[in-house]
Amino acid sequence: MVADGTITRAAVSGDFFLEPDEALDVLSAALVGQRADAGVAALTGAVTDALRQAEATGAVPAPVAMVGFDARAVAMAVRRALGWSTGWDDHAFELLHPGVLPPALHTALDQVLTEELAQGRRGPTLRFWEWEDPAVIIGSFQSVRNEVDLAAAERFGVELVRRISGGGAMFMEAGNCITFSLVVPSSLVDGMTYEESYAFLNQWVLGALADVGVRATTTGLNDISSPAGKLAGSAQKRMVGGAVLHHVTMSYDIDAAKMLQVLRIGREKLSDKGTTSAVRRVDPVRSQTQMPRVEVIEAFKAHFRERYRTVDGALRREELDRAEELRRTKFTDPSWTYRVP
């Protein structure tokens with residue numbers, strides 16, 4: 001129960017094990033008096049301190065054993081009960097696959113769709129990219145000088161585009177990778193660290209890969225890997241107003257020799273992407289699935305639809321117009337592209 005923004009009564013229950021039994025009352029009492037908008041860290045601290053004090057004073061026999069949950073899980077449950085946290089089942093997702101667009105328009109759409117969700121004009125979306133023009137999409141905070149050989153990029157006709165999310169550079173030619181953007185409300189990752197949110201938002205991707213015969217796990221902060229090496233990298237942007245952009249690029253069949261000329265990356269980084277020779281193609285998804293790229297994408301869509309409430313959708317005219325404006329005024333503007341020289 002909440003009154004005047006404060007929790008005035010609480011009862012903790014669930015499918016867990018707790019010893020001694022008297023500790024259940026301590027958990028519930030710890031929440032009383034906390035602000036209803038208290039964050040996960042504050043609520044976790046309140047529960048932890050209450051249990052320690054109860055043990056120290058002999059109010060409950062020590063030690064308290066929490067099996068199947070912990071103080072943070074209690075905090076997360078409180079946030080969910082009060083409406084601050086949500087789960088996948090609380091949302092309906094719109095699946096967008098608008099076809100071939102210029103790379104800079106895709107990065108503009110990332111910003112537009114994330115802002116639209118933050119402003120309450122659109123729900124969460126999963127959008128697959130298609131493009132024909134070759135490009136290097138660099139992370140928001142990367143240095144152009146450190147990441148890209150501009151002379152090689154010009155020689156191969158590769159456009160340079162900076163996106164709004166962080167992370168590393170993407171070498172994109174038509175059909176060489178699988179790229180998608182997931183836009184969700186921040187309530188879906190409420191209380192999670194960045195590392196936790198990357199793993200959480202990539203769980204469905206692991207399931208989709210399993211559907212096409214690839215055994216994969218999350219590795220490091222934001223990567224997806226198989227026993228054969230790195231498959232994909234992720235990037236995020238969290239917007240003021242409560243929206244999260246989660247972006248994934250997966251290597252399908254990349255010309256490694258050309259990539260090495262355009263991107264200033266070492267052979268050790270290339271080996272992370274599933275090859276040990278600079279002249280071989282980086283093709284972990286194609287070689288492990290033996291499936292055309294379009295079929296892999298359709299399998300990913302099917303997995304997402306089976307897992308979450310999903311409807312097929314389309315970009316709205318006003319969203320495309322806004323994205324085109326941003327493409328012209330921001331994402332092809334040198335002051336943005338070369339903001340970190």
Side-chain angles (χ1 to χ4, degrees), residues 73 76 80 85-98 106 109-110 113-114 117 122-130 163 165-167 170 177-239 242-252 274 284-286 288-289 291-313:
M76 295 286 286
R80 184 169 174 80
S85 298
T86 58
W88 291 99
D89 292 341
D90 296 316
H91 304 285
F93 294 82
E94 194 167 338
L95 179 59
L96 308 174
H97 197 172
H106 280 299
L109 281 168
D110 272 352
L113 295 178
T114 310
L117 188 148
R122 174 182 272 284
T125 59
L126 172 64
R127 180 175 63 89
F128 284 87
W129 294 29
E130 297 292 348
R163 62 181 185 267
S165 55
M170 305 150 45
C177 54
I178 297 169
T179 297
F180 48 87
S181 301
L182 181 65
V183 178
V184 300
S186 58
S187 60
L188 189 61
V189 295
D190 180 61
M192 297 183 191
T193 65
Y194 271 96
E195 184 173 11
E196 290 169 336
S197 69
Y198 276 116
F200 177 74
L201 295 176
N202 278 334
Q203 278 302 307
W204 76 271
V205 184
L206 304 185
L209 284 166
D211 286 352
V212 295
V214 179
R215 181 165 55 91
T217 59
T218 55
T219 54
L221 172 64
N222 59 343
D223 290 339
I224 297 172
S225 299
S226 74
K230 179 177 174 179
L231 293 169
S234 308
Q236 282 188 14
K237 173 70 175 179
R238 300 192 181 192
M239 294 281 199
V244 177
L245 167 66
H246 181 79
H247 180 277
V248 175
T249 294
M250 188 171 297
S251 300
Y252 178 76
V285 174
R286 184 186 64 80
Q288 291 185 65
T289 65
M291 294 170 62
R293 176 178 174 275
V294 64
E295 291 184 13
V296 176
I297 292 175
E298 290 304 313
F300 276 35
K301 290 181 185 179
H303 182 89
F304 194 87
R305 290 189 187 103
E306 291 172 3
R307 194 161 181 159
Y308 311 121
R309 286 190 296 138
T310 306
V311 296
D312 292 335

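These numbers come from the heavy atoms of this one structure, side chains and all, not from hydrogens, waters or symmetry mates. Please read these numbers as outputs of a predicted model, since none were measured by experiment.
Scanning all heavy atoms of the two residues, the minimum distance from L117 to G242 falls at CD2-O, 3.9 Å. Between V183 and L245, the shortest heavy-atom distance links the atoms CG2-CD1, 4.0 Å. A243 approaches T114 most closely through the heavy-atom pair CB-O, 3.4 Å. When every heavy atom of Q288 is checked against every heavy atom of A228, the shortest pair comes out as NE2-CB, 3.7 Å. Scanning both residues, S186 and V244, for their nearest heavy atoms gives CA-CG2, 3.8 Å. Nearest approach of S251 to P284, heavy atoms of both residues: O-CG, 3.6 Å.
In this structure, the separation between CD1 on I224 and CG on N202 is 4.0 Å, given to the nearest 0.5 Å. In this structure, CG in L231 is found 12.5 Å from OG1 in T249, a value given to the nearest 0.5 Å. With rounding to the nearest 0.5 Å, the separation of OG1 in T179 from CZ in R127 is 10.0 Å. Between the CZ atom in R122 and the CG atom in L113 there is a gap of 5.5 Å [rounded to 0.5 Å]. The structure places CG of N222 at 12.0 Å from CG of L201, a figure rounded to the nearest 0.5 Å. To the nearest 0.5 Å, the span separating OH on Y252 from CD1 on I297 amounts to 9.5 Å.
A heavy-atom distance below 4.5 Å is not found between the side chains of L126 and T310. Using a 4.5 Å heavy-atom cutoff, the side chains of K301 and F128 are in contact. Side-chain atoms of V214 and V285, non-hydrogen and from C-beta on, never get closer than 4.5 Å to each other. A heavy-atom distance below 4.5 Å is not found between the side chains of R293 and R286. Side chains of D190 and T86 form no contact here, defined as non-hydrogen atoms less than 4.5 Å apart. Side-chain contact between M250 and V296: absent, with no pair of heavy atoms (C-beta onward) separated by less than 4.5 Å.
Side-chain contact, S181 with D110: a donor N or O sits under 3.5 Å from an acceptor N or O.
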Q. Given S187 and H91, is the side chain to side chain contact (heavy atoms under 4.5 Å, CB included) satisfied, shown in steps?
A. CA-CA 11 Å; S187 60; H91 304 285; 4.1 Å; yes

field: Verdict with reasoning, F93 to R307, per side chain to side chain contact (heavy atoms under 4.5 Å, CB included)
entry: CA-CA 11 Å; F93 294 82; R307 194 161 181 159; over 6 Å; no

Original post:
Which is it for L96 and L109 under the side chain to side chain contact (heavy atoms under 4.5 Å, CB included) test, yes or no, and what are the steps along the way?
Top reply: CA-CA 11 Å; L96 308 174; L109 281 168; over 6 Å; no

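A cation-pi arrangement is present between R238 and Y194, with the terminal nitrogen or guanidinium carbon under 6.0 Å from the aromatic centre and inside a 45° cone about the axis.
With sequence neighbours excluded, the residues forming a salt bridge (charged side-chain N to carboxylate O under 4.0 Å, His left out) with D312 are R305, listed by chain and number. Under the side-chain contact (heavy atoms from CB on, under 4.5 Å) criterion, A92 pairs with R309, not counting sequence neighbours. With sequence neighbours left out, the side-chain contact (heavy atoms from CB on, under 4.5 Å) criterion links E306 to no other residue.
Considering M170, K237, H106 as possible partners of R163, the one that fulfils the side chain to side chain contact (heavy atoms under 4.5 Å, CB included) test is M170. Tested against H246 for a ring pair (Phe, Tyr, Trp, His ring centres under 6.0 Å), the candidates W204, F200, Y198 yield a single pass: Y198.
Within a 6.0 Å radius of CZ in R215, other residues, nucleotides and ligands contribute 12 heavy atoms or fewer.
Proximity of the aromatic rings of F300 and F304 is defined here by a centroid distance below 6.0 angstrom, and this criterion is not met.
Side chain of E295 to main chain of P292: no donor-acceptor pair is present (N/O by atom type, distance under 3.5 Å, no hydrogens or angles).
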